[in-house]
Number of protein chains: 2
Amino acid sequence: MDIQYTILGLLNAQPLSGYDLKKIIADSDLFYWSGNNNQIYHSLVNLHKQGLVSVETFQQENLPPRKLYSITPAGEMELRQWLLSDPVLPEIRDPFLIQLAWADQLHGDELDALLARYAEELEMQVRMLGQRRLNPWYRPARTKRETLLWSRIEERLQERYQQELDWVNRLRNEILKNP
Amino acid sequence: MDIQYTILGLLNAQPLSGYDLKKIIADSDLFYWSGNNNQIYHSLVNLHKQGLVSVETFQQENLPPRKLYSITPAGEMELRQWLLSDPVLPEIRDPFLIQLAWADQLHGDELDALLARYAEELEMQVRMLGQRRLNPWYRPARTKRETLLWSRIEERLQERYQQELDWVNRLRNEILKNP
DNA sequence: CTTGTCATGTAAGAGGTTACATGATTCG
DNA sequence: CGAATCATGTAACCTCTTACATGACAAG
């Protein structure tokens, strides 16, 4: 349940409501979940049961009460333990590679069109991530080191798609030369 | 349900049993599922209901009957349609980047140890994938072009982790210089 | 004498997604 | 007048995982 640690990390910077968390996660490229209510509200209930977060409820006129969650000392310890835990390798699910694996069934022009469309999708993604880096709307910068880390993380998220694009372009050239 | 198309692709090369499919998928890096029975046997029943595969049952002494699945003409058409369908971007889930995102909580030595352990994991993965490429146990090579495609796909699977490793090493150096 | 292979299948549960439900307010 | 924002929460469903169940035979 990595989303629990994501939430703890976010609350470690500042108290937030479920609604705040949902927006941050839904709009983030790093936090790769959809940011759906089900998961977030359920996680918050769980974290509260475990005593890792505390809640304050603020009544509002004409709006449901706002529940502001804060990390507890126990939550801080739990987060720190996770930060020191064994790194996990990235999990990459790429249905396109599977498509390519069977793509020898296609004619030359169909295959090239497929690769071209994939390259186009990747270019769009690279551009989009570049735009978001210019205009981020969640990026903690409490220390110089944190600023450096976030900068390199955001760069990496974009670079991955760029490297994928470089690979497709190399492959396209090679296939054009060996018809 | 990409696993259905994975199975159709495998059956398009040769008839296979559920057990065969399970082994191929479980041992593959490209086909990223665990290869569990539940999914595979259930997918085969589904494909059969849709008329995309046919079954022949062979009775065996002292063993459960072996069900050999083959792709049907309808299945071939369905596979071809999928091959021509819109490419989907890879989905990368990297809990380590999230760990890093909050890692400014750690001391300098703890952070470097974390990065070092991640680098070590990546190196192991790169080595493992290199070994498997030398000694693959599923790799269709019906045409020159298919051989080329599979070669580039397998290279890419390894290269991704290599590029991840390069990035971590760059980051480690940078952090050592800016303490 | 335990582990692995062959070969089918079921069960339980974690994790994640989209859509629904409510209801006032504000902006274009 | 419709859509977005604020703010909580529920329901249904899909995907995927681990573990269980059966049962023979072969190899270390």
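Quick caveat: nothing in here was measured; it's all calculated off a predicted structure. Throughout, protein chains are lettered first and strands after them, A, B, ... in sequence-line order, and every chain is numbered starting at 1.
Phosphate proximity of C:dG16 to A:S34: absent, as no side-chain N or O sits under 4.0 Å from OP1 or OP2. Phosphate proximity of D:dT8 to A:Y41: present, with a side-chain N or O under 4.0 Å from OP1 or OP2. Look at A:S17 and you won't find any side-chain N or O under 4.0 angstrom from OP1 or OP2 of D:dC6. When the side-chain nitrogen and oxygen atoms of B:Q60 are compared with OP1 and OP2 of C:dC6, none of them lie within a distance under 4.0 Å. The side chain of B:Y19 places no N or O atom within less than 4.0 Å of a non-bridging phosphate oxygen (OP1 or OP2) of C:dT8.
Using a 4.0 Å heavy-atom criterion, one finds that B:K67 contacts the sugar-phosphate atoms exclusively.
Rounded to whole angstrom, the span from the NE2 atom of A:H42 across to the P atom of D:dT10 amounts to 10 Å. Here C:dG15 presents its P atom at 21 Å from CH2 of B:W33, a figure rounded to the nearest Å. Taking atom CD of residue A:E91 and atom C1' of nucleotide C:dA14, one finds them 14 Å apart after rounding to whole Å. Straight-line distance from the CH2 atom of B:W137 to the C1' atom of C:dT5: 13 Å, rounded to whole Å. The CZ-P distance, from B:F58 to C:dC6, rounds to 17 Å in whole Å. Protein atom NE2 of A:H48 is 16 Å distant from nucleotide atom C1' of D:dT8, rounded to whole Å. A straight line from CG of B:D27 to P of C:dG4 spans 14 Å, rounded to a whole angstrom. Nucleotide D:dC14 holds its C1' atom 14 Å from the CD1 atom of B:I3, rounded to whole Å.
Of the candidates C:dT17, C:dT5, D:dC6, D:dC6 carries the atom nearest the A:K23 side chain, counting heavy atoms from C-beta on. For B:N36, the side-chain atoms get nearest to D:dT18 when compared with the rest of C:dC6, D:dC16, D:dT18. Listed candidates were C:dT18, D:dG9, C:dG9. Nearest to the side chain of A:N38 is C:dT18. Nearest nucleotide to the side chain of A:N37, out of C:dC20, D:dC6, D:dA7: C:dC20. For B:Q39, whose side chain is taken as the heavy atoms from C-beta onward, the closest listed nucleotide among C:dG16, D:dC6, D:dT15 is D:dT15.
Each of B:R93 and B:D20 lies near DNA chain C, and the nucleotide nearest B:D20 is the one positioned closer to the 5' end.
Note that CD of B:E146 is 4.5 Å distant from CG of A:D104, once rounded to the nearest 0.5 Å.
Residues B:R133 and B:R139 approach most closely at O-NH2, 2.8 Å, considering heavy atoms.
A:L21 places none of its side-chain heavy atoms less than 4.5 Å from the side chain of A:Y41.
Atom CE of A:M128 sits in a crowded spot, with more than 12 heavy atoms from other residues, nucleotides or ligands closer than 6.0 Å.
Remark: aromatic rings of A:F96 and B:W82 are distant, center separation not under 6.0 Å.
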